[in-house]
Amino acid sequence: MARLAQRTIMMIVGAGMMAVALEIFLVPNQMVDGGITGISIMLSHIFHIPLGILLTLLNLPFLIIGYKQIGKTFALSTLFAVVIMSIGTQLLHPVPSITGEPLLAAVFGGVILGVGVGLVVRYGGSLDGTEIVAILVTKRMPFSVGEVVMFFNLFILSSAGFVFGWNNAMFSLIAYYIAFKVIDVTLEGLDQSKSVWIISEKYRDIGEALTERLGRGVTYLEGEGGFSGENKKVIFVVITRLEEAKMKAIVEDWDSDAFIAVGNIHDVKGGRFKKKAIH
């Protein structure tokens with residue numbers, strides 16, 4: 001019950017932030033977002049239909065598809081978030097824009113929009129039907145979800161040039177890019193986890209140093225050189241993004257020729273990832 005309450009509150013906050021980004025920053029300065037939201041903004045401008053109504057109506061068909069193809073929980077969570085966002089845009093529509101400076105509107109609108117969308121996605125929903133279409137398209141075509149969404153959004157942002165002018169379309173692209181990056185930070189956090197593989201003859205010394213100086217547990221894996229055929233020890237450790245520079249310095253201290261490979265991880269659970277106390 002507590003988890004459901006938390007999800008509900010965070011999705012309300014996220015959808016509310018999306019409404020603020022649209023009605024206080026982007027829409028008054030004739031900028032658009034990507035996806036169904038961008039289409040809704042342009043249609044609202046052309047036909048003078050309230051944005052909140054269009055957001056709900058245009059997303060509804062995709063929510064029905066999502067309910068059948070992706071899952072009940074996701075579809076209902078998305079419907080809830082979209083309705084909250086639509087109500088928020090209706091309530092905020094009379095509120096004047098904070099700034100008339102396009103660059104400031106693009107930057108701050110993009111940041112707020114990114115955090116809002118990130119919160120909704122993080123807690124199991126979505127705010128745009130194009131993501132549902134992208135998931136379904138990738139099942140039948142050799143494209144990733146990100147590639148399909150990017151194609152849709154480039155088309156929509158380009159169309160904004162004909163509706164609002166090319167300057168505003170370019171500012172819209174800036175806002176979209178900022179939102180895209182902020183969504184990642186919101187989903188993964190500032191302490192984004194990274195997986196690290198290290199190959200060195202001094203694996204034991206490096207492993208102990210990582211444990212002592214970073215407080216991270218390490219795992220030694222068995223490896224074999226592809227060219228030499230020699231057995232090698234591979235150090236595997238999970239760190240945060242903020243610890244990457246220090247990790248590399250530690251390895252450099254022991255072996256400047258060590259092989260290091262670093263990759264991003266979206267989620268870490270179980271094991272002994274929790275940081276040990278260091279002094």
Side-chain angles (χ1 to χ4, degrees), residues 6-7 9-42 51-52 55 59 74 77-78 80-89 92 95 97-99 101-132 134-135 144-157 160 168-193 240-242 264-267:
Q6 182 188 34
R7 284 185 60 190
I9 292 171
M10 297 310 293
M11 291 183 75
I12 290 173
V13 171
M17 292 183 71
M18 178 79 165
V20 169
L22 292 177
E23 288 291 350
I24 304 299
F25 292 95
L26 300 183
V27 174
N29 289 282
Q30 296 190 330
M31 298 180 198
V32 302
D33 184 26
I36 300 301
T37 304
I39 296 174
S40 299
I41 293 171
M42 288 187 283
L51 178 59
L55 286 170
N59 275 296
F74 173 79
S77 297
T78 300
F80 175 74
V82 168
V83 169
I84 294 297
M85 176 179 64
S86 300
I87 294 172
T89 58
L92 291 171
V95 180
S97 173
I98 290 178
T99 178
E101 174 59 44
L103 184 58
L104 289 176
V107 172
F108 284 92
V111 170
I112 296 171
L113 188 148
V115 174
V117 173
L119 285 175
V120 172
V121 173
R122 185 168 185 170
Y123 286 91
S126 175
L127 283 168
D128 197 281
T130 52
E131 294 171 6
I132 297 173
I135 292 171
S144 69
V145 173
E147 289 171 340
V148 175
V149 170
M150 182 63 71
F151 173 79
F152 277 130
N153 288 336
L154 286 176
F155 173 76
I156 292 164
L157 291 169
N168 287 345
M170 287 187 281
F171 280 120
S172 298
L173 187 59
I174 292 173
Y176 172 75
Y177 179 78
I178 292 172
F180 181 78
K181 291 298 182 181
V182 174
I183 288 170
D184 284 345
V185 174
T186 305
L187 289 174
E188 299 168 3
L190 291 173
D191 288 339
Q192 176 187 354
S193 299
T240 67
R241 179 172 57 185
L242 302 178
N264 293 328
I265 299 179
H266 294 291
D267 196 11

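Computed from a prediction, not measured in an experiment: that's the story for all the values here. For this chain, numbers begin at 1 and follow the sequence in order.
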*Asks:* Applying side chain to side chain contact (heavy atoms under 4.5 Å, CB included) between Leu55 and each of Thr89, Ile41, Val83, report the one that passes.
*Replies:* Thr89
*Asks:* Hey, which of Met17, Met11, Met18 is the one that makes side chain to side chain contact (heavy atoms under 4.5 Å, CB included) with Met85?
*Replies:* Met18
*Asks:* Which atom pair, heavy atoms only, marks the closest approach of Gly110 to Ile178?
*Replies:* C-CG2, 3.9 Å
*Asks:* In Å and rounded to the nearest 0.5 Å, what is the CD1 to CD1 distance from Ile24 to Ile112?
*Replies:* 9.0 Å
*Asks:* Using 0.5 Å steps for rounding, measure from the CG atom of Leu154 to the OH atom of Tyr176.
*Replies:* 7.0 Å
*Asks:* With rounding to the nearest 0.5 angstrom, report the CD to CG distance, Glu101 to Asn29.
*Replies:* 8.5 Å
*Asks:* I need the Phe171 CZ to Leu104 CG distance, nearest 0.5 Å.
*Replies:* 9.5 Å
*Asks:* Which distance, rounded to the nearest 0.5 Å, do you find between the CD1 of Ile39 and the CG of Asp33?
*Replies:* 11.0 Å
*Asks:* Does Met31 offer a backbone N or O that forms a donor-acceptor pair with the side chain of Asn168 under 3.5 Å?
*Replies:* no
*Asks:* Show the nearest heavy-atom pair for residues Leu127 and Val82, with the distance to one decimal.
*Replies:* CD2-N, 4.1 Å
*Asks:* Of all heavy-atom pairs between Ala169 and Ala160, which one has the smallest distance, and what is that distance?
*Replies:* CB-C, 4.1 Å
*Asks:* Mind checking the CG-CG spacing from Leu173 to Asn153? Nearest 0.5 Å is all I need.
*Replies:* 10.0 Å
*Asks:* Any chance CZ of Phe80 has more than 12 other-residue heavy atoms, nucleotides or ligands included, within less than 6.0 Å?
*Replies:* yes
*Asks:* If you apply the rule side-chain contact (heavy atoms from CB on, under 4.5 Å), what do you find for Phe108 with Val111, and how did you get there?
*Replies:* CA-CA 5 Å; Phe108 284 92; Val111 170; 5.7 Å; no
*Asks:* So does Ala105 get a backbone contact from the side chain of Thr99, meaning a donor-acceptor N/O pair under 3.5 Å?
*Replies:* no
*Asks:* Can you give me the closest heavy-atom contact between Arg7 and Tyr123, atom names plus distance?
*Replies:* NE-O, 3.0 Å
*Asks:* What's the verdict on side-chain contact (heavy atoms from CB on, under 4.5 Å) for Ile183 and Val121, showing C-alpha distance, side-chain angles and the deciding distance?
*Replies:* CA-CA 9 Å; Ile183 288 170; Val121 173; 5.7 Å; no
*Asks:* Is there a side-chain contact between Met42 and Val32 in this structure, where contact means two heavy atoms from C-beta onward sitting under 4.5 Å apart?
*Replies:* yes
*Asks:* Give the minimum heavy-atom separation between Leu26 and Ala175, together with the two atoms involved.
*Replies:* CD2-CB, 4.0 Å
*Asks:* Any donor and acceptor pair, going by atom type alone, linking the side chain of Ser86 with main-chain N or O of Gly52 inside 3.5 Å?
*Replies:* yes
*Asks:* Ser77 and Gly125: which non-hydrogen atoms are nearest, and at how many Å?
*Replies:* CB-CA, 4.0 Å
*Asks:* Are the side chain of Thr78 and the backbone N or O of Ser126 linked by a donor-acceptor pair below 3.5 Å?
*Replies:* yes
